[in-house]
There are 2 protein chains.
Amino acid sequence: MGVKERRARQKKYLRQEILDAASELFVREGYENVSMRRIADKIEYSPTTIYIYFKDKADLLEQVCKETFARLVQRLTKIMEQPGEPVERLKRGLIAYIEFGLENPHHYRATFMMPIPDGLDHEKYHQADSPGMQAFSFLTRGLTDCIKAGKMHATNVELAAQTLWAGIHGIISLLITQNTFPWVGREKVIHSTVHTLVAGLVR
Amino acid sequence: MGVKERRARQKKYLRQEILDAASELFVREGYENVSMRRIADKIEYSPTTIYIYFKDKADLLEQVCKETFARLVQRLTKIMEQPGEPVERLKRGLIAYIEFGLENPHHYRATFMMPIPDGLDHEKYHQADSPGMQAFSFLTRGLTDCIKAGKMHATNVELAAQTLWAGIHGIISLLITQNTFPWVGREKVIHSTVHTLVAGLVR
DNA sequence: CTCATTTACTTAACATCGTTAATCGTACTC
DNA sequence: GAGTACGATTAACGATGTTAAGTAAATGAG
C-alpha cells in the first residue's frame with residue numbers, strides 16, 4: 001500500500017508550494033505587507049489551509065527564512081573549503097555574509113531584526129543546527145584558522161566571533177533600513193567595516 | 001485677547017499627554033503591540049482625537065522617538081564637553097550610545113531597525129537637525145578630536161564615522177533582538193566591540 | 001458492496017487593527 | 001442672540017491573523 005506515501009508526497013508538495021508563494025511575496029514586500037490571504041490567493045487555496053501546514057504566520061515565514069539561510073551556509077562552506085591565507089579567507093566570508101544580507105533584506109530583517117517572540121522558545125531558538133547558528137559557527141571556525149596560522153593572538157575566540165558578528169550585522173542592518181542616509185559609498189563602508197574589525201582583532 | 005493663546009496651550013497640553021501615554025505603552029510593549037485605541041483609552045479620549053494632533057500612527061511614534069533621542073543628545077553633549085584624552089572620550093561616547101540603545105530598545109528599534117516608509121521622504125529623513133543625525137554627528141566630532149590630537153591618522157573621517165556607527169549599531173541591535181543568544185557576556189561583548197573598532201581605526 | 005472513519009479543505013465568523021467621513025456640541029465672534 | 005469655527009465623538013470601512021464548525025471525498029473494515 002503505497003497510498004500513504006503518495007498522500008505524504010502530495011502534502012509535501014503543497015507545503016512547498018505554500019513556502020514558495022510566501023517566499024516570493026515576502027521578497028517583494030516586507031514581512032508586514034504579506035498577508036495570509038494574499039499567500040492563499042496566490043496558490044489558489046483558502047487562507048485556512050495554510051494553518052494545516054504551518055502553525056501561524058510567524059512559523060511560515062520562519063521556515064521561509066530557514067530555506068534562504070541554508071543557501072548562505074552553502075555559500076560559506078564553499079568559501080571556507082578554499083585554500084589560501086586564512087585571514088583573507090575570513091574576510092571573504094565576512095563579505096559574502098554581508099552581500100547575502102543585502103541581497104535578501106527581507107529575510108535578513110525577519111530573522112535578525114525582529115523581536116524574538118516572547119514565550120518559552122529560549123532554547124528552541126539558537127539551536128546549533130539552525131542555519132543562522134551554522135552561519136555563525138563559520139566565524140569561530142574562520143577565527144580559529146587564523147589563530148592556528150599564528151596570524152592572530154589566541155584570546156577568547158567566542159568573544160571575538162561575537163564581536164565580528166556584531167560588526168557585520170551592523171553594517172548590513174543599517175544599509176537595509178537607512179538606505180536613504182548619505183553613505184560615503186556602499187562598497188566603501190562595507191570594506192571599511194570588515195577591514196576595521198579584522199585589523200582591530202589582529203592587533 | 002489671550003483666548004487664542006489659551007487654546008493653543010490646551011492643544012499643546014493634550015498633545016503632550018498623547019505623547020506621554022504613547023511613550024509609556026510603547027516602552028512596555030513593542031511598536032506593533034501598541035494600538036491607537038489603547039493609547040486613546042489611556043488618556044480617556046476617543047481614538048480619532050489622536051488624528052487631530054498627529055498625522056497617523058507612524059507620525060505619532062516618530063515624535064515619541066524624537067523626544068527620547070533628544071535625551072541621548074543631551075547625554076552625549078555632556079560627555080563631549082568633558083576634558084581629557086580624546087580617544088577615551090570617544091570611547092565613553094560610544095558606550096553611552098550603546099547603553100542608551102539598550103535602555104530604550106523599543107525606541108531604538110523603531111528609529112533604526114524599521115524599514116524606512118517608502119515614499120518621498122528621501123530628504124525629510126536624515127535632516128541634520130533630527131536627533132538621530134545629531135547623535136551621529138557626535139561621532140565625526142569625536143573622531144576629528146582624535147585626529148587633531150594626533151591619536152589617529154587623518155583618513156576619511158566620514159567613512160570612519162560610518163564604520164563606527166555600523167559597529168555600535170550592530171551590537172545594540174543584536175543584543176536587543178537576539179537576547180536569548182548565548183552571549184559571552186553583555187558587558188564583555190560591548191567592551192570588545194568598542195575596543196576592536198577603535199583599535200582598528202587607530203591602527 | 002456498504003458503511004463508518006479519517007483526511008483535506010472551505011465557509012463563516014470573531015476580534016482587532018488603522019483610518020476616514022459625517023456629525024455633534026460648545027465656546028467663541030460679531 | 002445668531003452664526004461660525006473648532007475640538008471631539010460616533011459610526012463605519014476594509015483589512016488583518018486566527019479559530020470553530022462544516023463539507024465532501026478518499027480510505028479502510030466488514
Side-chain angles (χ1 to χ4, degrees), chain A residues 1-19 21-23 25-26 28-65 106 110 114-119 121, chain B residues 1-19 21-23 25-26 28-65 106 110 114-115 117-119:
Chain A
M1 55 150 94
V3 62
K4 262 279 197 285
E5 283 78 1
R6 195 194 69 220
R7 298 255 259 184
R9 215 164 44 232
Q10 280 177 350
K11 274 202 84 163
K12 208 159 193 175
Y13 180 77
L14 180 49
R15 190 191 137 91
Q16 189 58 47
E17 205 159 10
I18 295 173
L19 275 175
S23 184
L25 286 176
F26 194 35
R28 282 212 306 265
E29 347 270 341
Y31 178 104
E32 30 266 323
N33 301 321
V34 178
S35 78
M36 298 301 256
R37 285 174 169 84
R38 284 191 49 203
I39 297 171
D41 273 1
K42 200 171 170 62
I43 56 171
E44 297 183 289
Y45 277 80
S46 115
T48 49
T49 302
I50 303 177
Y51 289 87
I52 301 174
Y53 295 84
F54 301 92
K55 190 177 148 286
D56 53 21
K57 187 184 175 185
D59 179 35
L60 168 56
L61 293 187
E62 188 189 318
Q63 303 307 323
V64 168
C65 293
H106 291 121
M114 285 302 204
I116 286 190
D118 38 35
D121 318 295
Chain B
M1 52 149 96
V3 62
K4 262 278 196 285
E5 282 79 4
R6 196 195 66 221
R7 298 253 260 186
R9 215 163 45 231
Q10 280 177 349
K11 274 201 82 162
K12 206 158 196 175
Y13 180 78
L14 180 50
R15 189 191 137 93
Q16 189 58 45
E17 204 158 9
I18 295 173
L19 275 174
S23 186
L25 286 176
F26 195 34
R28 284 212 305 266
E29 347 269 340
Y31 178 103
E32 30 267 323
N33 301 321
V34 176
S35 77
M36 297 300 259
R37 285 174 169 85
R38 283 191 51 203
I39 298 172
D41 273 0
K42 199 171 170 61
I43 56 171
E44 297 183 288
Y45 276 79
S46 118
T48 48
T49 303
I50 303 176
Y51 289 88
I52 302 173
Y53 295 83
F54 301 93
K55 187 176 150 288
D56 52 22
K57 189 183 174 186
D59 179 34
L60 168 56
L61 293 187
E62 189 189 317
Q63 302 307 322
V64 169
C65 292
H106 291 120
M114 286 300 205
D118 37 34

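Here is the naming used below: chain letters follow the sequence lines, and residue numbers restart at 1 for every chain.
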### Message
Working to the nearest 0.5 angstrom, can you tell me the gap between A:F54 CZ and A:R15 CZ?
### Response
4.0 Å
### Query
Roughly how many Å is it from OH in B:Y13 to C1' in D:dG7, rounded to a whole number?
17 Å
### Message
Using 30° and 60° as the class boundaries, would you call the ring planes of A:F26 and A:H106 parallel, tilted or perpendicular?
### Response
tilted
### Residue pairs involving residues 41-53 of chain B (criterion salt bridge (Lys or Arg N to Asp or Glu O under 4.0 Å); sequence neighbours excluded)
B:E24-B:K42
### Message
Whole angstroms only, please: what is the CG-C1' distance between B:D56 and C:dG18?
### Response
9 Å
### Query
Which ones in residues 39-46 of chain A lie close to DNA chain C, meaning a heavy atom under 4.0 Å from one of its atoms?
A:Y45, A:S46
### Query
Who are the side chain to side chain contact (heavy atoms under 4.5 Å, CB included) partners of A:E32, not counting sequence neighbours?
A:R109, A:M114, B:P115
### Summary
Taking every heavy atom of A:V34 against every heavy atom of A:G30, the minimum-distance pair comes out as CG2-O, 3.2 Å
### Task
Identify, residue by residue, the members of residues 47-55 of chain A with a heavy atom below 4.0 Å from DNA chain C, and return them in order of residue number, or none.
A:T48, A:T49, A:I52, A:Y53
#### Entry: Spatial distance of atom SG (B:C65) from atom CG (B:L61) [nearest 0.5 Å]
6.5 Å
### Net bend of the helix from C:dC1-D:dG30 to C:dC30-D:dG1, end axes of five pairs each, nearest 10 degrees
20°
Which atoms of nucleotides 12-16 of chain D (N or O only) lie under 3.5 Å from a protein N or O atom, and what are those distances?
from	atom 1	to	atom 2	distance (Å)
D:dA12	N6	B:R37	NH2	3.4
D:dT16	OP1	A:S35	OG	3.2

### Query
For B:Y45, which residues count as a side chain to side chain contact (heavy atoms under 4.5 Å, CB included) partner, sequence neighbours excluded?
B:L14, B:I43, B:T49
#### Entry: Shortest non-hydrogen contact between A:V64 and A:A22, atoms and distance
CG2-CB, 4.0 Å
### Message
Nearest 0.5 Å, please: how far is CG in A:D59 from OH in A:Y53?
### Response
14.5 Å
#### Entry: Between CE on residue B:M36 and CD1 on residue B:I18, distance to nearest 0.5 Å
8.5 Å
### Message
Going by side chain to side chain contact (heavy atoms under 4.5 Å, CB included), name the residues that satisfy it together with A:R37, two or more places apart in sequence or in a different chain.
### Response
A:S35, A:P47
### Query
Just how far, in rounded Å, is P of C:dA8 from CD of A:E17?
16 Å
### Task
Take atom CD of B:Q10 and atom C1' of D:dA8, then tell me their distance rounded to the nearest Å.
13 Å
### Message
According to side-chain hydrogen bond (donor to acceptor under 3.5 Å, both in side chains), who are the partners of B:E29, at least two apart in sequence or on a separate chain?
### Response
B:R38
### Task
For A:R9 and C:dA8, give me the distance from atom CZ to atom P, rounded to whole Å.
14 Å
